[in-house]
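The structure appears right after this line, and notes come after that.
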Amino acid sequence: MRQGAAAFLAGLLFAVGLGVSGMTQPSRVIAFLDVAGDWDPSLAFVMAGAVSVHFLAYRVLRRRRRGGGSDAPGLARAPRFPLLADRAVVPTRADIDARLVAGAGLFGVGWGLAGYCPGPALVSLATGSSAVLAFVAAMAAGMAIERFATARGRGETSEQTME
């Protein structure tokens, strides 16, 4: 229950952030990609903010996964992370293969053509726009195809548990 509530709050905060920053508007993304025309750098600022928060949170996670804090008498022991799960699952692969390049290329082309990536598209479902519905349906179909292909043994695991 606590995990579900935390996931809901994190998703809600993410959705509000996307809405407040204007990243649910495809025109903002397309304007960011128009470097030779009327360029809008706001997406770069949003990305820099998100990467900065993740960078700091990941450092805290790695430091505290071993229990962190001090075992000295009289000093409080820092909480072990993650707080609401037995373990954290993080990507461990660092290699670049054809599958990754193809997936990144498809993602970039889709993002540039539609102006949506998964998060803003899901948030934009609330508008009921047929373009958003079509994008999310295509995205879900692509995810299902990838899962099917991976289940057939073509994929490799790219995550590892941090104990």
Side-chain angles (χ1 to χ4, degrees), residues 1-35 42-62 65 81-163:
M1 178 67 178
R2 288 180 14 177
Q3 287 178 323
F8 176 78
L9 288 175
L12 182 63
L13 180 62
F14 182 63
V16 169
L18 289 171
V20 168
S21 67
M23 293 301 116
T24 55
Q25 301 169 20
S27 61
R28 302 287 294 265
V29 173
I30 292 170
F32 174 75
L33 298 173
D34 187 12
V35 292
S42 59
L43 178 59
F45 291 114
V46 171
M47 281 194 237
V51 169
S52 299
V53 169
H54 174 76
F55 178 81
L56 294 174
Y58 188 72
R59 295 294 176 255
V60 169
L61 173 71
R62 290 194 57 95
R65 71 187 168 102
F81 282 87
L83 292 173
L84 301 176
D86 295 333
R87 62 183 189 272
V89 178
V90 296
T92 57
R93 285 186 58 184
D95 61 319
I96 297 173
D97 61 5
R99 193 168 162 222
L100 176 65
V101 172
L106 280 172
F107 180 89
V109 168
W111 196 22
L113 289 175
Y116 286 113
C117 66
L122 292 175
V123 172
S124 297
L125 278 175
T127 66
S129 161
S130 59
V132 174
L133 292 172
F135 180 88
V136 171
M139 180 177 72
M143 294 167 79
I145 291 168
E146 191 280 331
R147 281 186 181 253
F148 177 75
T150 300
R152 293 187 59 126
R154 294 185 355 189
E156 298 175 357
T157 181
S158 61
E159 296 178 336
Q160 182 178 5
T161 301
M162 291 177 63
E163 300 286 337

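Hydrogens, waters and symmetry mates play no part in the numbers below; they use all other heavy atoms, side chains included.
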**Study point:** Ala114 versus Pro26, closest heavy-atom pair with distance
**Key:**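 Reported closest heavy-atom pair: O-CB, 3.5 Å.
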Practice item. Taking all heavy atoms of Val132 and all of Ala121, pick out the closest pair and write down the distance. Key: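 Closest approach of Val132 to Ala121, heavy atoms only: CG1-O, 3.4 Å.
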Point to revise | Over 12 non-hydrogen atoms of neighbours within 6.0 angstrom of CG in Leu56 | key: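 Enclosed.
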Practice item. Would you indicate whether Met47, at its atom CE, is surrounded by more than 12 heavy atoms from other residues, nucleotides or ligands within a distance under 6.0 Å? Key: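 Check passes, neighbour count above 12.
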Atom pair [atom1]/[atom2] of [X] and [Y] - distance to nearest 0.5 Å:
X: Ile30; Y: Tyr116; atom1: CD1; atom2: OH; result: 9.5 Å
X: Gln25; Y: Thr127; atom1: CD; atom2: OG1; result: 11.0 Å
X: Leu18; Y: Leu13; atom1: CG; atom2: CG; result: 9.5 Å

Sub-4.5 Å side-chain heavy-atom contact between [X] and [Y]:
X: Phe107; Y: Cys117; answer: yes
X: Leu43; Y: Arg28; answer: no
X: Met139; Y: Leu122; answer: yes

